[in-house]
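Take a look at the structure below.
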Amino acid sequence: MEVLYSSTRSNGIPVKASQAILKGLSDDGGLFVPDHIPALDKTLKELSEMNYKQVAYEVMKLYLTDFTEEELKNCIERAYDSKFDTEVIAPLVEAEGAYYLELFHGSTIAFKDMALSILPHLMITSAKKNQISNEIVILTATSGDTGKAALAGFAGVEGTRIIVFYPKNGVSPIQEKQMVTQKGDNTLVVGIHGNFDDAQTGVKKIFSDQELAKEMDEKGFQFSSANSINIGRLVPQICYYVYSYATLLKEGKIAEGEKINVVVPTGNFGNILAAYYAKNMGLPIHKLICASNDNKVLYDFFSTGVYDRNREFVLTTSPSMDILISSNLERLIYRIAGNDTECNRELMAALSGQGRYEITDAMKAELADFYGNFATESETAAEIKRIYEDCGYVLDTHTAVASAVYQKYLAATDDMTKTIIASTASPFKFTRSVMNAIDAKYDTMGDFELVDELSKIANVAVPNAIEEIRTAPVVHDKQCDVDRMQNVVREFLGI
């Protein structure tokens with residue numbers, strides 16, 4: 001059955017998957033959502049006999065229904081290739097009573113690679129399908145990982161340009177070095193004077209500027225997004241939850257149909273929303289455990305039904321989660337409101353205007369699938385140290401947030417359901433925070449000394465993504481105030 005996509009904010013004419021991928025964001029500022037969540041059409045046993053690419057096809061074909069089998073398989077083949085340092089693509093590692101789903105084996109060693117390796121291919125295929133002759137300009141805000149993964153995906157891709165905005169003092173040194181050393185004539189990286197929410201709001205503002213869109217079209221350009229607001233980012237993320245379940249089944253760790261829990265460290269809500277979609281496709285998931293850091297806006301939302309971004313923004317050691325406006329939550333709000341665009345639009349207007357909204361009791365009842373909690377900075381560091389000392393496995397700071405929240409969930413519920421924890425980044429991406437958590441003595445070392453020491457104590461080779469930036473020259477040194485973001489875009493495009 002064909003899946004069409006409509007906006008969370010108005011009842012306009014639905015579009016095909018390829019059109020939603022190309023646009024990224026709806027004209028009314030809403031996010032594209034499928035008109036229904038399709039059910040898995042292969043049994044869990046059948047899926048357990050497939051490799052990652054095969055599972056990805058079986059999931060994505062159900063959402064991207066205007067892609068031919070050949071087109072979709074070609075995108076998948078190009079995405080999940082030697083860029084990943086393991087043929088398994090997303091291995092599961094058992095440690096301390098949980099299964100860590102390692103989503104960091106791609107070219108930029110973070111989970112964003114899982115979707116951003118395929119998005120450029122989905123986008124170019126979509127452009128051809130829709131006879132688009134304009135150059136596609138990818139506009140992205142990043143809290144650290146999306147930026148580099150998107151840059152790596154789109155660099156050198158004909159018919160595209162990519163502009164990435166990041167908070168100048170809000171990412172790790174390794175994250176920043178990865179971005180500012182990016183090669184490619186079609187790439188631009190800009191540090192903004194503000195936080196991630198400022199960058200994200202600025203990007204959305206540029207997207208919704210109809211005058212600019214008209215001017216760009218006249219000059220042969222059109223915007224699209226590589227952020228998780230793009231449905232072409234969300235759909236590939238569903239795949240690894242299905243694959244992880246299939247892997248547990250294949251390895252005899254669970255019986256067919258047995259329920260599992262999934263723990264996801266998240267700020268923008270896209271990664272856990274993908275797990276929610278997987279559950280609604282028929283994947284046997286019991287609880288979706290939403291893990292926050294000190295920017296615990298999502299924890300407060302699940303606890304009270306009030307979403308309130310009017311609070312201090314905290315810079316933490318898990319910077320990819322330092323977010324107070326969780327864009328992808330809008331897709332869940334729309335769904336628990338009974339796909340009511342008017343209700344959703346009013347709530348989003350309240351968030352934009354007053355910085356807060358409150359959902360109804362009926363909507364709250366729809367959140368029973370979720371458990372939310374958070375880990376403080378000290379709890380996160382303690383969890384890295386505990387897991388390392390107990391079994392020698394080293395977590396990055398974001399995964400440690402998830403692991404610490406899982407311990408709180410166990411203490412609160414005694415629920416011994418087998419659990420997958422999304423491991424969203426390599427510890428090599430946050431070496432100083434990780435090594436300091438293990439032992440304060442490491443703080444005297446330089447960034448790349450720490451990389452080598454981490455490799456030694458974890459008995460893991462230094463990833464290529466880190467090796468290649470050791471001596472790479474800085475290519476991008478542009479900075480700007482938030483109110484100058486559009487000017488930067490105009491300069492880069494020459495309009």
Side-chain angles (χ1 to χ4, degrees), residues 52 84-86 88-117 143-146 149 172 174-175 236-248 251 253 260-268 270-272 274-275 278 285 288-293 317-321 375 379-381 383-388 390-407 409 418-431 433-434 437-438 454-455 458-461 463 465-466:
Y52 190 88
F84 288 80
D85 64 18
T86 168
V88 181
I89 307 297
L92 273 175
V93 175
E94 189 173 359
E96 289 296 286
Y99 297 92
Y100 290 86
L101 175 60
E102 292 188 344
L103 300 171
F104 53 74
H105 288 275
S107 58
T108 74
I109 57 176
F111 82 100
K112 308 291 173 78
D113 288 323
M114 301 298 295
L116 282 164
S117 292
S143 54
D145 288 337
T146 285
S172 80
I174 295 288
Q175 284 177 312
Q237 291 181 275
I238 301 168
C239 303
Y240 48 73
Y241 293 111
V242 177
Y243 177 73
S244 61
Y245 187 96
T247 301
L248 288 181
E251 294 177 353
K253 304 286 174 59
I260 61 166
N261 291 329
V262 175
V263 190
V264 187
T266 188
N268 219 359
N271 203 10
I272 196 165
I285 295 175
L288 295 155
I289 301 170
C290 180
S292 301
N293 63 15
T317 54
S318 46
S320 298
M321 297 161 66
E379 288 169 337
T380 301
E383 187 68 0
I384 292 171
K385 186 178 179 71
R386 181 183 77 84
I387 296 284
Y388 172 69
D390 285 359
C391 64
Y393 188 58
V394 181
L395 306 178
D396 94 287
T397 45
H398 304 73
T399 309
V401 167
S403 192
V405 165
Y406 177 54
Q407 294 304 312
Y409 174 76
K418 291 188 180 71
T419 297
I420 286 171
I421 296 176
S423 185
T424 54
S426 164
F428 286 95
K429 208 152 192 173
F430 304 94
T431 43
S433 299
V434 168
I438 291 170
L454 173 56
S455 174
N459 197 26
V460 175
I466 300 296

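Keep in mind that this is a model prediction, so the values were computed, not measured.
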- prompt: Would you say the side chain of S143 lies within less than 4.5 Å of the side chain of P319, judging by non-hydrogen atoms?
  reply: no
Rounding to 0.5 Å, atoms OG1 (T419) and OH (Y406) come to a distance of 3.5 Å
Per side chain to side chain donor-acceptor pair (under 3.5 Å), S318 is matched among N293, T397, T424 by N293
Exercise. Flag the pair F428 / I174 as yes when at least one side-chain heavy-atom distance between them is below 4.5 Å, and no otherwise.
Key: no
Residues T86 and P91: closest non-hydrogen pair is CG2-CD, 4.1 Å
Correct closest heavy-atom pair for V401 and S292 would be CG1-O, 3.3 Å
With sequence neighbours left out, the residues meeting side-chain hydrogen bond (donor to acceptor under 3.5 Å, both in side chains) with D113 are T108
In this structure, CD1 of I387 is separated from CD1 of I438 (nearest 0.5 Å) by 11.5 Å
Separation between CD1 (I420) and CG (L92), nearest 0.5 Å, reads 5.5 Å
Contacts of Y393 meeting ring-ring contact (aromatic ring centres under 6.0 Å, His included) (sequence neighbours excluded), chain-then-number -> Y100
Q) Hey, does Q237 have a side-chain heavy atom less than 4.5 Å from the side chain of M114? A) no
Rounding to 0.5 Å, atoms CD (Q407) and CD (E383) come to a distance of 5.5 Å
message = Between V262 and I289, is there a side-chain heavy-atom distance shorter than 4.5 Å?
response = no
Would L395 and I421 count as a side-chain contact (heavy atoms from CB on, under 4.5 Å) if you check the C-alpha gap in whole Å, the side-chain angles of each, and the deciding distance to 0.1 Å? CA-CA 11 Å; L395 306 178; I421 296 176; over 6 Å; no
For T317 and H398, the nearest pair of non-hydrogen atoms, with its separation, is O-CE1, 4.5 Å
Rounding to 0.5 Å, atoms CG (L454) and OG (S426) come to a distance of 7.0 Å
Minimal heavy-atom distance between H105 and D85, with the atoms involved, is ND1-OD1, 2.6 Å
Note: I384 and A400 closest approach over all heavy atoms is CG1-CB, 3.4 Å
All heavy atoms of L101 vs all of A90, minimum pair found to be CD1-O, 3.7 Å
Please state whether the rings of Y52 and Y243 are parallel, tilted or perpendicular, taking 30° and 60° as the class boundaries. perpendicular
Checklist line | Any E96 side-chain heavy atom under 4.5 Å of D390 side chain | finding: yes
message = Would the distance check show the side chain of S455 and the main-chain N or O of V460 forming a donor-acceptor pair, the cut-off being under 3.5 Å?
response = yes
- Query: With a 4.5 Å limit on heavy-atom distance, are the side chains of F104 and P463 in contact?
  - Reply: no
| Is there a side-chain contact between Y241 and N271 (heavy atoms, below 4.5 Å)? | yes
Could you walk me through whether Y409 and N261 pass the side-chain contact (heavy atoms from CB on, under 4.5 Å) test, one step at a time? CA-CA 11 Å; Y409 174 76; N261 291 329; 3.7 Å; yes
Taken in chain and number order and not counting sequence neighbours, the residues that satisfy side-chain hydrogen bond (donor to acceptor under 3.5 Å, both in side chains) with K112 are T146
